[in-house]
Every structure is written in C-alpha cells, then in structure tokens.
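Here the structure is laid out as structure tokens; the discussion comes afterwards.
Atoms within each ligand, like the ligands themselves, are counted from 1 in listed order. Numbers for residues simply follow the sequence, beginning at 1. This is a predicted model, so every value here is computed, not measured.
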Amino acid sequence: MTATTTATRGTGSSKMVFPDGFVWGAATAAYQIEGAVAEDGRGPSIWDTFSEVPGNVADGHTGGFACDHYHRYAEDVRLMAGLGLAAYRFSVAWPRILPAGAGQVNAAGLDFYDRLVDELLAHGITPYPTLYHWDLPQALEDAGGWAVRDTAARFADFAAVVHERLGDRVGTWTTLNEPWVAAFLGYCSGVHAPGRRDPAAAFRAAHHLLLGHGLAARALRAAGAAEVALTLNLAPVVQTDDGHEEAARVDALMNRQFLDPALRGRYPEEVLEIAARHGGLDHIRDGDLAVIHQPIDLLGINYYNPSFVSAAPGEPANPAFPGTEGVRFEPPTGPTTAMDWPIEPSGLETLLVRLSRDYPEVGLLVTENGAAFDDRLTGDVDGDVAKDRVHDDDRIGYLDGHLRAAHAAISAGADLRGYLVWSLLDNFEWAYGYHKRFGIVYIDFETQRRVPKDSALWYRDVIKRNGLMGE
Ligand code: FCB
C-alpha cells in the first residue's frame, strides 16, 4: 500500500491521500453504549456489579441505560451510513450470549448481534466485532475471574458460539480489547471492574487473558474465520531525563508484556522477573506460550498518548504498574484533553513505525484513537426545531493531527490498513461515567437525541476524499 502527498497547484496546499482500500470507521463497546442490561435474558457482568458500588464510578453512573443502542441500533447504523463509514467496531457482550458465562446459550442475545450485523451489511458497513471489551459475566468473576485459568477456556467457548452464529457474515474477529487495562486496572489498581487490588492476581489475569486470546484464535480459525486480530493499548514510553532503564521497564510492562507473547511466543525477561516477585510464575505452564503465539492477521492499536517517565529513587510503584519502584510517571506539560491526557500525535507515528519494524509479519489497524473534550450543544433552534450543533474544533484538531501522523507512518513503511475513531457516540466512559465525551456524535442522555458534532461532518469529508486537505 502506498500513501501519497500531492501538491494541489495554485492553492499552496497539499493533499494527503491514504492508500486505496484504507479502512475508515468508528468504534464502540457493548457496556458503554447498549444499556438494556436486564433485558432479553442478559446476565450481570462485572461492570454492572462494580458500577453499582458507591464511589466506584463518578456520580454513581452505570451502564444501565447508556445510549440505549440496544433499541436504537438501526438509527445508529443509519448515522454511520450518513457519515460514510466503511467499518464499525463494536463488542459482543458475553453476558448476553452466556448469561452465566458458560453453559446455557441465550438465543435472544445472539439475535441482537445478528440484527446488528445484518443492518450494517445492508448499509454497506463491514462489522468488526471484538469478543471481550471488559464485561466479564459476573458468574465467572465469582469463580475467580481472569485470575483463574478456567476463564481462558470459557472465553474460547464463547468465541466459538458467537462465530457459529455470525461467522457467515463476519470476516475479521478481534479476540480481546486492551488486556493490560483489564488485568492491571481491574485486578491491581482496582479502578476498573472487578475492582481488585492484588498485583499477583493481575499478572495471572494478564496471562490468562493472553491464553484466552490464543485459545479463542485457534477456535475461530478452526471454525473458518477469515481474519483474527488482537487489540492492545500501546504507547511509546519516553524518558525525560538522561536514563533509559525506567522507560524500558514501563515499555516491557505495558507494551511488550502482550506484544511479545502474542507475536513472538515469549515474555520479556523484565516482565518475568517482576511477575516472579509478585506471586510467582506457576500459572505459566509448559505449552502456554505456543498457544498464545497464534498467527494473527491484524494487530489492533489503541493509541491515545505517550507515557513520560523519569528515574526517581525511593518512589513507590505506580498502583497500576507493579514493579515500577523508582519510576516517576511525569504529568503532562503541553496541551491536554478533558481526560488530562497529553495531545501528542507524533507518538502515533513513532508507535506504528516501531511496530512494523519489530513485528513485520502482522498488519496494523488503529482500532481506537480520539479525545474527550467539554462539548456543548449550541442551543440553536429554528422555529420549534432544534438545530443544535457542537463546534468541537479541538477534537477536529486532535483527529487531524493523528491522521497526519498515521499518514507519515505509512509513508515511512508502516503497514497500516485502517483507522477507527473512538468513538462513534458519547458513552459511558468507565469510572468517569458520562462526564467524558469521546463521541463524534453527541448524545443528549436525557432524551437520547443524537447530534453529529462538527468533527463527524469533518470526518465524513475525510472519508469521502480518502485523505486530508492542505497542511
Ligand atoms: C480505551 C477503551 C475504550 C475507551 C477509551 C477512551 O482504553 O478501550 O473503551 O474507554 O479508552
């Protein structure tokens, strides 16, 4: 694939064109948008339980209603079609399909995704399902969650059930979304469900998530899946002083703990050494790494910002990064989003180029990139009709910058196949509840009205041109 930059004569500007067939889309996740948590036989997930505990989620918000996408999916697909999306990444709620995590299949749950996939295809949009975006059935957590090995096998069973129903219409299957977050925010810092604070359990969870990925990839492949993918949260780790060991350590924990087993069949030495000090390594059995190291077609990359670290002797470990004693995580110094995350588009270029260099056998897809800002409806009305807009120039700037970085990475040889913006809709942003708006479409949560933001209209034009105008 090639990316081109052509000067447009007379305008003094140049056009950045993406390769033919570049996949443009948007992403969401089940618990963040669906609502309808007690409908049609869905069982409880760890996020239902966690968000009901006061203090876990801002203002006691839960995903109970969210964007009501479960009922409004057809309207949402029409919105996507209006924006010209070629791809839609969503996740399948495990507790809708297997309410107790294993055993009895709930046909009504499968029916929902069946309808969604048909609706997408009828509008010319390719479905990109993710099988695990953090909503573990509560029954499995009660049996030990990802800290126990059996959960990996149950995940592969779930993958096979979903494939059996949708495999005739879905080509690309993503196993996990961000296993680092599921393991270390869920089982170590406890800011995500299930809210445990146990470093040993977190390393076990990470391994069992990877094992679940391998087992599910194998099951999907055996059932005839055309493409199998794994999505990781990845970020360059930049050391702000003269050292490099601290950045290398954080890189091993955050990035290579997942990249290397999945794509090279081994753990980084630093990770083994740290995990050994936090509960030992007896959960890693002979043959596991061969299972985890399944050939995959696509690596999904969720990129938001780089991490900045420095050496700080005496500093205790970061609660989400056991093993980071003596490392300071530096606060951002430049511009930030409403999450206080630094805005650093060049990090995406660095990351994509590195991945294609270090793991050349796998194609790359940006499965999430985007930003939360304090969006406001303009409040415009025309007669009795709301003509509300959302002028989110800051989001347009963020997306534009990151797409330029992606384009530069392709020009430098990265095998990037597509870009999915996070997110299609404002949604339940985990521990932040509904306060952080990442959507290119605004949701009025009181009325469930959808209002495409200026960024959505801008993105529609990017897709139409397959690129960006000007510099
Ligand atoms: C990612 C998650 C996604 C969303 C964005 C902002 O870590 O995968 O669900 O919360 O961050």
Side-chain angles (χ1 to χ4, degrees), residues 25-35 45-47 50-51 56-58 61-63 66-67 69 88-94 128-136 146 174-189 191-193 206 209 213 229-235 254-255 257-258 299-307 320-321 336-344 347-348 351 365-375 392 394-395 398-399 402 419-441 443 455:
T28 63
Y31 190 71
Q32 295 181 274
I33 64 162
E34 285 180 2
S45 80
I46 55 174
W47 269 97
F50 181 80
S51 59
N56 280 347
V57 176
H61 290 171
T62 75
C67 309
H69 173 78
Y88 175 52
R89 172 179 183 248
F90 58 96
S91 77
V92 179
W94 187 345
Y128 279 73
T130 297
L131 288 164
Y132 188 68
H133 202 127
W134 308 350
D135 44 3
L136 187 71
W146 285 109
T174 300
T175 55
L176 307 176
N177 178 70
E178 300 191 358
W180 180 84
V181 172
F184 289 91
L185 300 191
Y187 290 82
C188 195
S189 70
V191 299
H192 276 195
L209 280 153
H213 157 71
L230 167 67
T231 283
L232 303 176
N233 54 298
L234 298 169
M254 180 166 63
N255 299 320
Q257 178 168 195
F258 299 91
L299 176 67
I301 296 142
N302 293 355
Y303 171 78
Y304 290 92
N305 53 265
S307 292
F321 288 93
T336 57
T337 69
M339 301 291 283
D340 283 329
W341 294 350
I343 301 176
E344 196 46 81
L348 181 59
L351 179 64
L365 177 68
V366 172
T367 38
E368 287 183 25
N369 175 245
F373 291 105
D374 291 326
D375 301 315
D392 57 340
D394 32 19
R395 183 171 292 98
Y398 181 99
L399 298 176
H402 285 77
Y419 176 93
L420 312 181
V421 66
W422 183 270
S423 177
L424 177 71
L425 309 172
D426 290 339
N427 59 47
F428 175 78
E429 178 46 38
W430 309 114
Y432 297 88
Y434 297 99
H435 294 295
K436 302 296 178 194
R437 294 179 174 274
F438 275 90
I440 56 172
V441 175
I443 303 282
S455 58

In Leu209, Asn177, Thr175, the residue satisfying side-chain contact (heavy atoms from CB on, under 4.5 Å) with Tyr132 is Leu209
Report all N/O contacts between ligand 1 and the protein shorter than 3.5 Å as a table of atom names and distances to 0.1 Å; if there are none, say 'none'.
{"from": "ligand 1", "atom 1": "7 (O)", "to": "Glu178", "atom 2": "OE1", "distance (Å)": "2.6"}
{"from": "ligand 1", "atom 1": "7 (O)", "to": "Glu178", "atom 2": "OE2", "distance (Å)": "3.0"}
{"from": "ligand 1", "atom 1": "8 (O)", "to": "His133", "atom 2": "NE2", "distance (Å)": "3.3"}
{"from": "ligand 1", "atom 1": "8 (O)", "to": "Asn177", "atom 2": "ND2", "distance (Å)": "3.0"}
{"from": "ligand 1", "atom 1": "8 (O)", "to": "Glu178", "atom 2": "OE2", "distance (Å)": "3.3"}
{"from": "ligand 1", "atom 1": "8 (O)", "to": "Glu368", "atom 2": "OE1", "distance (Å)": "3.1"}
{"from": "ligand 1", "atom 1": "8 (O)", "to": "Glu368", "atom 2": "OE2", "distance (Å)": "2.9"}
{"from": "ligand 1", "atom 1": "9 (O)", "to": "Gln32", "atom 2": "OE1", "distance (Å)": "2.8"}
{"from": "ligand 1", "atom 1": "9 (O)", "to": "His133", "atom 2": "NE2", "distance (Å)": "2.8"}
{"from": "ligand 1", "atom 1": "9 (O)", "to": "Trp430", "atom 2": "NE1", "distance (Å)": "3.0"}
{"from": "ligand 1", "atom 1": "10 (O)", "to": "Glu429", "atom 2": "OE1", "distance (Å)": "2.8"}
{"from": "ligand 1", "atom 1": "10 (O)", "to": "Glu429", "atom 2": "OE2", "distance (Å)": "3.1"}
{"from": "ligand 1", "atom 1": "10 (O)", "to": "Trp430", "atom 2": "NE1", "distance (Å)": "2.9"}

Decide, yes or no, whether a salt bridge links Arg89 with Glu368 under the criterion of side-chain N to carboxylate O below 4.0 Å. yes
Test of understanding: with side-chain contact (heavy atoms from CB on, under 4.5 Å), list the residues that count as partners of Phe373, not counting sequence neighbours. Thr337, Ile343, Ala371, Asp375, Asp394, Arg395, Tyr398
Can you check whether Phe428 and Tyr434 have ring centres sitting under 6.0 Å from each other? yes
Distance flag, aromatic centroids of Trp180 and Phe321, threshold under 6.0 Å: yes
I'd like to know if the side chain of Thr367 pairs up with that of Thr231 as donor and acceptor (distance under 3.5 Å, no hydrogens or angles considered). yes
